[in-house]
Amino acid sequence: MKKEIIINAAANETRIAITEDGRLAELFVETANKEKMVGDIYLGKVAKVMPGIKAAFIDLGLSQDGFLHFSDIGNRLEEYQAMIGEDEEEDEQAEKGAVSETAQVAVEAAATAPRPGHHDSQEATHPAPSHARGRDNGHPPQKEIQIAKGQEIIVQVTKEPVGKKGVRVTSEVSLAGRFLVLLPFDGKVGISKKINSFKEKRRLRKIVQGILPEGFGVIIRTVAEGRDDEALQKDLEDLIKTWREIEKTVKSENAPCLVYKDMSTTSSVIRDLFSNDVSRVVVDSKKLHREIRAYIKYTSSQLLDKIELHRDKAPIFDVYGIEKEIETTLARKVWLKSGGYIIIEPTEAMVVIDVNSGRYAAKKEQEQNSLRTDLEAAREICRQLRLRDIGGIIVCDFIDLEDERNKRKVYEELKKEFRKDRAKVTVLPMTEFGLVQITRQRIRQNILHSFTEPCPSCGGTGLVQSKTTTLNQLERWVRRFKGEAKEFRLTLRVNPELALHLKDGTYNRLRKIMLKYFVLIRLEVDTAIPVGEFRFISRKQGKDITDQYK
């Protein structure tokens, strides 16, 4: 598989496209007002503890508090608290009886939970922490720790804010480098499962154990495969230096504050994804080209020849056919080569995908035709989920198949394609109704949020109230107004589309209302008012009286 990274840098926006065999597979967009937050480390303050939902809300100094689930509180919280002297403050508060809201937290962190700020950790052969072992399997009981309102705490962002939800955070901090991920206070060495050679794993583990200072743990990343001890040591020294700077910042700053800003989207993509399996990186900015070359020269000089500067006058995304493919990420309908198509319908609770045969519906061999369409749709669905970065619950309605073996083939095809996905994905076998249920890890916002915003008329529902319904509401308002008020001169402000409907014809709808209720209405157009709404202004009082008679 030929893999390329294409970077388009503009004044206010940077777009990074990852292509596989010439087709767009992933897209990252970073703008000045939407910077990447995953990996950032904050010194926060506990704003609220809610044992009922096993979570705490952390004040990070942002517009919304961060969400810290009890399962994301590691068993090294005491070590992190010692960095900021929180233990002494808690003792003083306890003596004065000032701690008003505390929770005994039973930490249930799963060993497979992804580490923040990097992509290989979910696959690392990392032993389960002691606090994740319960009584049921014969291990020691879960560790109980105390977290209190007002307490200062060091946390790291693991998920971007989505809609009205704030960021999700963890108290298990990690720092991602080119070859290693540093785990302060951990003391263990994990290795990415994507490194298949047992001999190479043993070599890397031996090198890292020989250079790792006491009190630190690491995860060895996939790109470390084949690297010598000098490269690994240089990366480790840089990470430890960064951690020492974080320690100094924590001691000198007051909560809430940002103590470490992770790399930008472009830098993190180069750090995490630019490896030997990438055939080339093409960038259209001279400045960015110099920065990428400088970083790669420092970390992986053998990859320097793969970095190219786009010198063509034509836009880089046009040259590589990416611009047209981006348009499909905004489309509800995605066509398949066979003539079939899929419909992608996001909802508040989940994403629903419908597979249709379209033109590809021959009368003969119906089962085989349906299977071909379903298999092609399965590949496209996996690609679209990665491209749009859709997370949460996804339900796919495939074309009905009678043969259980064919259903199994579709399921296996989905599993095979999702192996390319860096996010954690769970796929369930196809049901008797042809439905496949998928859950996909959500880290950042759906790519649609970078290009679109809710419609001001429909509020994002795709539906607006009919003009007839609005006119009926308008007439009922006038009837209530005439029954209670002693004035008869009004100004009506409506959307231009509704205004045309009211004034249509000589004996139009507005005139009928005025004659029927003996009221004088002056019509004004206001583009800011949605189609299904109206505003009445009292000309006598000079104010909006719409809500008085609703």
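Just the heavy atoms: all of them, side chains too, but no hydrogens, waters or symmetry mates, feed the values below.
- Checking side-chain atoms of Thr373 against main-chain N and O of Asn369 turns up a donor-acceptor pair under 3.5 Å.
- With a 4.5 Å cut-off on side-chain heavy atoms, Ile316 and Ile6 count as touching.
- Using modelled atom types, one finds no donor on one side chain facing an acceptor on the other under 3.5 Å when comparing Tyr411 with Asn406.
- Between the side chains of Gln384 and Arg379, no donor N or O sits under 3.5 Å from an acceptor N or O.
- You'll find the side chain of Ile353 stays beyond 4.5 Å of the side chain of Glu345, heavy atoms only.
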### Task
Show your working on side chain to side chain donor-acceptor pair (under 3.5 Å) between Arg178 and Ser300 and close with a plain yes or no.
CA-CA 9 Å; Arg178 174 68 174 165; Ser300 306; 3.2 Å; yes
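- Using a cutoff of 4.0 Å between basic side-chain nitrogens and carboxylate oxygens, Arg405 and Asp403 are scored as salt-bridged.
- Under the salt bridge (charged side-chain N to carboxylate O under 4.0 Å, His left out) criterion, Glu325 pairs with Arg383, not counting sequence neighbours.
- A donor-acceptor pair shorter than 3.5 Å can be found between the side chains of Thr469 and Ser466.
- Between Thr266 and Thr14, the side chains place no donor N or O within less than 3.5 Å of an acceptor N or O (distance only, hydrogens not considered).
- In this structure a side-chain-to-backbone donor-acceptor pair under 3.5 Å is missing from Thr222 to Lys194.
- In this structure Glu291 satisfies the salt bridge (charged side-chain N to carboxylate O under 4.0 Å, His left out) test with no other residue, sequence neighbours excluded.
- Counted within 6.0 Å of CD on Glu402, heavy atoms from surrounding residues, nucleotides or ligands total 12 or fewer; the atom is thus considered open.
- Rounding to the nearest 0.5 Å places CG of Leu385 at 10.0 Å from CD of Glu380.
- In this structure, Glu30 and Ser264 approach most closely via the heavy-atom pair OE1-CB, 3.6 Å.
- No side-chain heavy atom of Val173 sits less than 4.5 Å from a side-chain heavy atom of Tyr260.
- From Thr426, atom OG1 reaches atom CD of Gln437 across 11.5 Å, with rounding to the nearest 0.5 Å.
- For Glu200 and Arg205, the salt-bridge test fails: no basic side-chain N is under 4.0 Å from an acidic carboxylate O.
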